[in-house]
Structure formats: C-alpha cells, structure tokens
K.L.:
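Have a look at this one.
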Amino acid sequence: SEILTGAFINSIYDLNLPEESFKIDMWIWCTYKDTSLKMNKLIEFPNTKEFSFSNDVLLEKDSYQWLTMRATGEVMKNWKSKNFPFDKQILNVSLGFSFDTSTGYIVADTNNSKIDPDFKLNGWKIDQVKFKSGTKVYTTNFGDPSIAFGKSTYPEFNIEVFISREDSIMTLTKLILGLIIAFLISYCIVTGK
C-alpha cells in the first residue's frame, strides 16, 4: 500500500567535521490507508549516532491514517573538505521503515516537504533541498524464511540538503594573512630584527 511521507526541517546544527556528524530537528508525517500499520512504531532513523522521536500523534481521518511526529538525530556524515574554504557538502538524511516493500512503499510528499524559510545555517548557504522516496536493499533476509535468496528490500524516505560555505574568499584571506604574520614573526625572532 502507498504511504505518503514528508518532512519539515526546523533546523540543522552542530556541523562537526572532527566527529563526522551533524544534527537535525524536523517534523515528519505519513498518511496511509492500511489501518493495520502503526507507523509510529515502524519508522527508524538509520545512519545516526543517536536519534529520538517525540510528540507523535496518530489520528484516523475519513478513510486514512495520519501520523505526525518530531524527529531529532545526530546523523553520521563523511565531510569532503578537500576544497576548503570553497567546499560544498550534501547532508543526507534517511528515514527507514521496519517492513519490506511487499507491505508498503513510500511516496514523497514533495508539495509539503520543506525547510523552514526563516532558518539560517551559520557560515553556510543552503543551495537546495530535495525530498524523495527510495529503497534500501539489504543482503540479508533478517531470518525471514518467506524472503528468498537472503536479500530484502525496504522502503526509505530521503532528504538531501545541498550547502556551500559562505564568505569563502574572506576565510581564505584570513588564512593567508595568518600565515604571513606567523612567518614575519618567526623571521624577526630568528634574525633578531
């Protein structure tokens, strides 16, 4: 069955290059018709160091179920800093679901999924945000004998936040000036001038 899934990103913070992570705070929702699915128990936040769901509300409306809840997590990220201070990054966030694609599939609610327009990521420019559905293939059946070949496919909801560093020229200028000043100080000390 179809599960319409979306997200509203409140904030992204604590971009931590040494710890290879960043944190995100967002609202997520699902609308679906299969009343046997208790989606608030079936969503996970893989590729995180820690995560939590809170404020979950599950309502029956007309012919469908509507779940909304807040999600926060510290997401693992392999930062690409080769082009510093002119680097661009993609922050990938995935929500996983504890059922395989034979039970249901995700459709991204791209009309309603957004990042808060008032949110500013200090030191970075948010270039683009994409919300899309996908699948994740695992090379195991997790012990389920009804799934053949030891392989299973699970639905995913994916978010990609494309960011680029602000004030790259200023950062580079400060780095170069710092090096020049350090060189001049060391030169003066060595030569005694």
Side-chain angles (χ1 to χ4, degrees), residues 1-16 19-79 88-122 124-138 142 152-163:
S1 67
E2 178 181 298
I3 301 153
L4 186 66
T5 304
F8 182 83
I9 301 170
N10 297 314
S11 64
I12 298 168
Y13 56 102
D14 287 354
L15 277 63
N16 192 328
E19 295 291 321
E20 297 191 324
S21 66
F22 65 92
K23 293 181 181 173
I24 190 165
D25 175 20
M26 62 185 173
W27 286 94
I28 59 173
W29 60 86
C30 299
T31 55
Y32 53 97
K33 291 189 175 183
D34 185 348
T35 56
S36 69
L37 293 175
K38 303 301 178 205
M39 292 301 295
N40 57 333
K41 306 288 186 202
L42 299 173
I43 300 175
E44 57 188 21
F45 211 159
N47 299 324
T48 56
K49 293 183 178 186
E50 59 183 52
F51 73 90
S52 66
F53 296 120
S54 60
N55 302 88
D56 57 313
V57 176
L58 180 58
L59 299 173
E60 191 167 331
K61 294 192 163 230
D62 299 326
S63 63
Y64 62 89
Q65 306 287 311
W66 173 55
L67 166 72
T68 181
M69 62 183 172
R70 191 170 188 172
T72 56
E74 184 177 3
V75 183
M76 292 183 282
K77 163 72 178 152
N78 183 8
W79 299 97
K88 295 178 182 252
Q89 305 287 340
I90 303 172
L91 307 179
N92 295 298
V93 179
S94 294
L95 292 176
F97 299 85
S98 301
F99 51 83
D100 67 27
T101 50
S102 66
T103 301
Y105 61 95
I106 302 304
V107 174
D109 186 358
T110 54
N111 290 331
N112 295 300
S113 295
K114 297 178 178 27
I115 190 166
D116 186 338
D118 296 328
F119 171 68
K120 302 289 182 245
L121 185 56
N122 192 23
W124 297 87
K125 180 179 167 238
I126 299 169
D127 299 316
Q128 185 180 18
V129 183
K130 291 182 180 178
F131 301 90
K132 56 188 179 180
S133 57
T135 56
K136 171 88 174 175
V137 177
Y138 293 92
F142 296 102
S152 51
T153 307
Y154 286 77
E156 276 190 336
F157 176 74
N158 299 298
I159 303 167
E160 293 177 323
V161 182
F162 296 80
I163 61 174

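In this chain, numbering begins with 1 at the start of the sequence shown. No hydrogens, no waters, no symmetry mates; every other heavy atom, side chains included, goes into these values.
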K.L.:
Aromatic rings Phe131 and Phe157: how do their planes relate, parallel, tilted or perpendicular, breaks at 30° and 60°?
P.N.:
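Geometry flag for Phe157 against Phe131: parallel rings.
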K.L.:
Measuring only between side-chain heavy atoms, which start at C-beta, is Trp124 closer than 4.5 Å to Ile12?
P.N.:
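Trp124 does not reach Ile12 side chain to side chain.
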K.L.:
Please report the closest heavy-atom contact between Asn158 and Ser133, naming both atoms and the distance.
P.N.:
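So the two residues come closest at ND2-C, 4.3 Å.
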K.L.:
So, using salt bridge (Lys or Arg N to Asp or Glu O under 4.0 Å) as the criterion, who are the partners of Lys136 when residues are at least two apart?
P.N.:
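Lys136: no salt bridge (Lys or Arg N to Asp or Glu O under 4.0 Å) contacts found.
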K.L.:
Looking at Ile24 and Phe45, what are the two nearest heavy atoms and their distance?
P.N.:
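Ile24 and Phe45 have their closest heavy atoms at CG2-CZ, 3.9 Å.
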K.L.:
Quick one: pull up CZ in Phe99 and OG in Ser1 and give me the separation to the nearest 0.5 Å.
P.N.:
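Separation between the atoms: 7.5 Å.
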K.L.:
Enter the distance from Leu91:CG to Leu121:CG here, rounded to the nearest 0.5 Å.
P.N.:
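Atom-to-atom, Leu91:CG and Leu121:CG are 7.5 Å apart.
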K.L.:
Kindly give the heavy-atom pair with the smallest separation between Glu156 and Thr135, and that separation in Å.
P.N.:
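Closest approach of Glu156 to Thr135, heavy atoms only: OE1-O, 4.1 Å.
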K.L.:
Looking at Leu58 and Tyr32, what are the two nearest heavy atoms and their distance?
P.N.:
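Nearest pair, atom of Leu58 first, then Tyr32: CD1-OH, 3.4 Å.
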K.L.:
List the atom of Glu160, the atom of Ile90, and the distance in Å for their closest heavy-atom pair.
P.N.:
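Between these two residues, the closest heavy atoms are CB-CG2, 4.1 Å.
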K.L.:
Start with the C-alpha distance between Gln65 and Leu67, add both sets of side-chain angles, then the distance that settles side chain to side chain contact (heavy atoms under 4.5 Å, CB included), and finish with yes or no.
P.N.:
CA-CA 7 Å; Gln65 306 287 311; Leu67 166 72; over 6 Å; no
K.L.:
Please lay out, stage by stage, how Leu42 and Phe97 fare under the test side chain to side chain contact (heavy atoms under 4.5 Å, CB included).
P.N.:
CA-CA 6 Å; Leu42 299 173; Phe97 299 85; 5.5 Å; no
K.L.:
Do the side chain of Ser113 and the main chain of Ala7 share a donor and acceptor less than 3.5 angstrom apart?
P.N.:
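Yes.
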K.L.:
Mark yes when over 12 heavy atoms from residues, nucleotides or ligands other than Asn16 sit less than 6.0 Å from its CG; otherwise mark no.
P.N.:
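It does: Asn16 CG has more than 12 such atoms within range.
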K.L.:
Pair Phe119, Ile126 - check side chain to side chain contact (heavy atoms under 4.5 Å, CB included), show working.
P.N.:
CA-CA 10 Å; Phe119 171 68; Ile126 299 169; 3.9 Å; yes
K.L.:
At what distance, to the nearest 0.5 angstrom, does CD1 of Ile43 lie from CZ of Phe53?
P.N.:
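CZ of Phe53 is found 6.0 Å from CD1 of Ile43.
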K.L.:
Would you check, one step at a time, whether the test side chain to side chain contact (heavy atoms under 4.5 Å, CB included) holds for Asn10 with Trp27?
P.N.:
CA-CA 7 Å; Asn10 297 314; Trp27 286 94; 3.3 Å; yes
K.L.:
Which distance, rounded to the nearest 0.5 Å, do you find between the OG1 of Thr101 and the OH of Tyr154?
P.N.:
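It is 9.0 Å, given to the nearest 0.5 Å.
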K.L.:
Using a 6.0 Å cut-off, check whether atom NZ of Lys114 has over 12 heavy atoms from anything other than its own residue.
P.N.:
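Counting neighbours around NZ of Lys114, more than 12 heavy atoms of other residues, nucleotides or ligands fall under 6.0 Å, so yes.
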K.L.:
Roughly how far, to the nearest 0.5 Å, is CG of Asp109 from CG of Asn111?
P.N.:
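Going from the CG atom of Asn111 to the CG atom of Asp109 covers 6.0 Å.
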K.L.:
Go through it in stages, so that I can follow the logic: the residues are Thr153 and Asp100, the test is side-chain hydrogen bond (donor to acceptor under 3.5 Å, both in side chains), and I'd like the CA-CA distance, side-chain angles, deciding distance and then a yes or no.
P.N.:
CA-CA 6 Å; Thr153 307; Asp100 67 27; over 6 Å; no
K.L.:
Might you confirm whether atom CG of Asn55 has over 12 heavy atoms from other residues, nucleotides or ligands at distances under 6.0 Å?
P.N.:
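Counting other residues, nucleotides and ligands, CG of Asn55 exceeds 12 neighbours.
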K.L.:
Please round to the nearest 0.5 Å and tell me the distance separating atom CZ of Phe162 and atom NZ of Lys130.
P.N.:
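Atom-to-atom, Phe162:CZ and Lys130:NZ are 4.5 Å apart.
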K.L.:
For the residue pair Gly104 and Pro155, what are the closest heavy atoms and their distance?
P.N.:
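Shortest heavy-atom separation between Gly104 and Pro155 comes out as O-CG, 3.8 Å.
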K.L.:
Sequence neighbours left out, what pairs pass salt bridge (Lys or Arg N to Asp or Glu O under 4.0 Å) with at least one residue falling in residues 45-70?
P.N.:
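Residue pairs with at least one partner in residues 45-70: Glu19-Lys49, Asp25-Arg70.
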K.L.:
If you define the side chain from C-beta out and look only at heavy atoms, does anything of Val93 sit under 4.5 Å from Val161?
P.N.:
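Side-chain contact under 4.5 Å: no.
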